[in-house]
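Notes follow the structure.
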Amino acid sequence: MTGVRAIKGMHDILPDQTPTWRYLERTVADLLTAYGYREIRFPVLEFTELFKRSIGEVTDIVEKEMYTFEDRHGVSVTLRPEGTACCVRAAEEHGLLFNQVQRLWYMGPMFRYENPQKGRQRQFHQIGVEAFGMEGPDVDAELIALTARLWQQLGIAGALRLELNTIGTPESRAAYRKALLAYLEPHKDKLDADSQRRLSTNPLRILDSKDAATQALLANAPSMRDYRDAESDAHFQGLCALLDSIGVAYVVNDKLVRGLDYYSRTVFEWVTDELGAQGTVCAGGRYDGLVEQLGGRATPAVGFAMGMERLCLLLETRQPQAGSEPMPAIYCVAAGEAAQKAGFALVEQLRNLMPGVGVQLNCGGGSFKSQLKRADRSGARIALILGEDEVAQGVVNIKWLRDVDAGRQAGQQTLPMTDVQAWLSSQLADL
RNA sequence: GUGGACGUAGCUCAAUUGGUAGAGCUCAGGAUUGUGAUUCCUGCGGUCGAGGGUUCGAUCCCCUUCGUCCACCCCA
């Protein structure tokens, strides 16, 4: 293909896939509404500064994955790589966080300049959920309970498991980082290349290295557990107790750390083994310091984001029928100029009288044969057939395309044009 | 940013030790002169990813490039 084409990593979502997307979006939106969360929408483009200050200057996202450019006035702007920072900015800017509790969600495209692979694109979509102004573990648990219920509703719960950890406060994390470094530095040569590099950039990330030798070395490393502050521990135990009380299963993974700088205390991930190397489908945590960091009044907050492409991949394998949308029930075949005209009037009238019923008119002409063929492929149950003869006599021929075995009359019947709507109503009622 | 595999018809894929390519599905038409899903026949459809090189001649060999997929890194 030589003509125009999409940018690398930017995918089209085709008609065969949109029903799955709509099903996912609808299910999530309904559930969030039921939990009392309200949708917020904000721009795709923000000042670059916002992400540098929130995600962290030395993270991979900010250092090499952002779509950053100057606008026509030379101001640096960035296509959002994630939603939390934007959500905080928007909520703070409009006073939504002042002296009040706020439950928000959003949905839309995010952009990261990475090399594409399974479950990863440069433009991808997230649904994000954020809860502001509540510091106890009850909100953390509410968010996790909500996600667990969602997997249940979507029929993909069996593919997912919950990993949970607390990374403490920034202070306790700093102390642990120091201890970890002290332990690893003498064994630097035994670490894999990436982990050696991470010693200076992000030592905590060494914990989830995939290298066997590195993992062996980590077996005797100091545990984050021993450096955590008592309050974070209590918060975490509170969260675990709430999850236990409603039967949400989890595994505590004290090597779970998240890549974004703003997290504190609770972090969690829903992971699957069915998506190749990109197993994380939904992840989040608490970020009590972020609002203040961005210039607002100190406000506790928790949130998470789920990757919609990854969820769609899971849905396609676990629930291939999910979201399939009904085809029009009626297909009107109209051969000839007069019939086309009469058919057009007929289907518009049917649409007036039976708004919920799907009606499609054959457009673009064609023989009876080819029009019937299209009627069949459209998935319609009933074909209305109009030709010169029918128009002259003011009648319509009606033919069942499906359901003949289900007690429907085979063959076709002729009805006066004026009776068609009443007949259809009676027939379609019990379908 | 790095590594591996792969780019042939709208889709899924063949073939050619270098002599300008085939099938299935789809689509259109016909057998059935006004009737779908099966069957049979016919037809439309390709600058063999792009650019350059070698050659009498390149889809095939060489170089470059772009893209896709998978993996690393990182993340949803």
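Each chain gets a letter, A, B and so on, in the order the sequences are listed, and its residues count up from 1. All values reported here derive from a predicted model rather than from experimental measurement.
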Next on the checklist: Assuming nearest nucleotide by heavy-atom distance, tell me which of A/M10 and A/A277 is located more 5' along RNA chain B.
Outcome noted: A/M10

Item to check | Along RNA chain B (nearest heavy atom to each residue), the more 5'-positioned of A/Q126 and A/K118 | outcome: A/K118

Checklist entry - Are A/R41 and A/Y106 in a cation-pi contact, defined as NZ or CZ under 6.0 Å from the six-membered ring centre and within 45° of the axis? => result no

Respond yes when some side-chain nitrogen or oxygen of [X] is under 4.0 Å from OP1 or OP2 of [N], and no when none is.
{"X": "A/R120", "N": "B/C70", "answer": "no"}
{"X": "A/H11", "N": "B/G67", "answer": "no"}
{"X": "A/Q117", "N": "B/C70", "answer": "no"}
{"X": "A/K210", "N": "B/C72", "answer": "yes"}

Nucleotide nearest [X] when distance is taken to its side chain, options [options]:
{"X": "A/S370", "options": "B/G67, B/C69, B/G29", "result": "B/G29"}
{"X": "A/E114", "options": "B/C27, B/A76, B/G34", "result": "B/A76"}
{"X": "A/E65", "options": "B/C73, B/U35, B/C74", "result": "B/C74"}
{"X": "A/K373", "options": "B/G67, B/A37, B/C73", "result": "B/A37"}
{"X": "A/R310", "options": "B/C73, B/C70, B/A76", "result": "B/A76"}
{"X": "A/R205", "options": "B/C73, B/C74, B/G34", "result": "B/C74"}
{"X": "A/T280", "options": "B/C75, B/G36, B/U68", "result": "B/C75"}
{"X": "A/K369", "options": "B/A76, B/G67, B/G36", "result": "B/G36"}
{"X": "A/D194", "options": "B/A28, B/U35, B/C72", "result": "B/C72"}
{"X": "A/D389", "options": "B/G34, B/C75, B/U35", "result": "B/G34"}

Base, sugar-phosphate alone, or nothing: which one does [X] contact when heavy atoms must sit under 4.0 Å apart?
{"X": "A/A283", "result": "sugar-phosphate"}
{"X": "A/G9", "result": "sugar-phosphate"}
{"X": "A/Q121", "result": "base"}
{"X": "A/G119", "result": "base"}

Item to check | Identified side-chain contact (heavy atoms from CB on, under 4.5 Å) partner of A/I55 from the options A/E82, A/E65, A/E63 | outcome: A/E82

Rounded [atom1] spacing from [N] to [M] in Å:
{"N": "B/C41", "M": "B/U26", "atom1": "P", "answer": "14 Å"}
{"N": "B/U55", "M": "B/C62", "atom1": "C1'", "answer": "12 Å"}
{"N": "B/G57", "M": "B/G52", "atom1": "P", "answer": "15 Å"}

If I take atom [atom1] in residue [X] and atom [atom2] in nucleotide [N], what distance separates them, rounded to the nearest angstrom?
{"X": "A/W400", "N": "B/G36", "atom1": "CH2", "atom2": "P", "value": "19 Å"}
{"X": "A/D60", "N": "B/C74", "atom1": "CG", "atom2": "C1'", "value": "5 Å"}
{"X": "A/I7", "N": "B/C66", "atom1": "CD1", "atom2": "C1'", "value": "14 Å"}
{"X": "A/D16", "N": "B/C11", "atom1": "CG", "atom2": "P", "value": "14 Å"}
{"X": "A/F124", "N": "B/C75", "atom1": "CZ", "atom2": "P", "value": "12 Å"}
{"X": "A/K8", "N": "B/G1", "atom1": "NZ", "atom2": "P", "value": "8 Å"}
{"X": "A/N115", "N": "B/G4", "atom1": "CG", "atom2": "P", "value": "14 Å"}
{"X": "A/R112", "N": "B/C74", "atom1": "CZ", "atom2": "P", "value": "14 Å"}

Next on the checklist: So for A/Q371 and B/U35, does any side-chain atom that can act as donor or acceptor lie under 3.5 Å from a complementary atom in the base?
Outcome noted: no

So, [X] and [Y], do they make that salt bridge, N to O below 4.0 Å?
{"X": "A/R26", "Y": "A/D30", "value": "no"}
{"X": "A/D194", "Y": "A/R197", "value": "yes"}
{"X": "A/R351", "Y": "A/E348", "value": "yes"}

Next on the checklist: So for atom CD, which belongs to A/E135, do other residues, nucleotides or ligands contribute more than 12 heavy atoms lying within a distance under 6.0 Å?
Outcome noted: no

Next on the checklist: Looking at A/K52, I want to see if its NZ is surrounded by more than 12 non-hydrogen atoms of other residues, nucleotides or ligands under 6.0 Å.
Outcome noted: no

Checklist entry - Can A/H11 and A/Q123 be counted as having a side-chain donor-acceptor contact under 3.5 angstrom? => result no

Checklist entry - So what is the 5' to 3' dot-bracket string for RNA chain B, if pairs are Watson-Crick or G-U wobble with both distances under 3.5 Å, crossing pairs use [ ] and | means the partner sits on another strand? => result (((((((..((((.....[..)))).(((((.......))))).....(((((..]....))))))))))))....

Item to check | A/S209 backbone acceptor or donor facing A/Q215 side chain under 3.5 Å | outcome: yes

Item to check | The single option from A/E142, A/R103, A/R149 passing side-chain hydrogen bond (donor to acceptor under 3.5 Å, both in side chains) against A/Y35 | outcome: A/R149

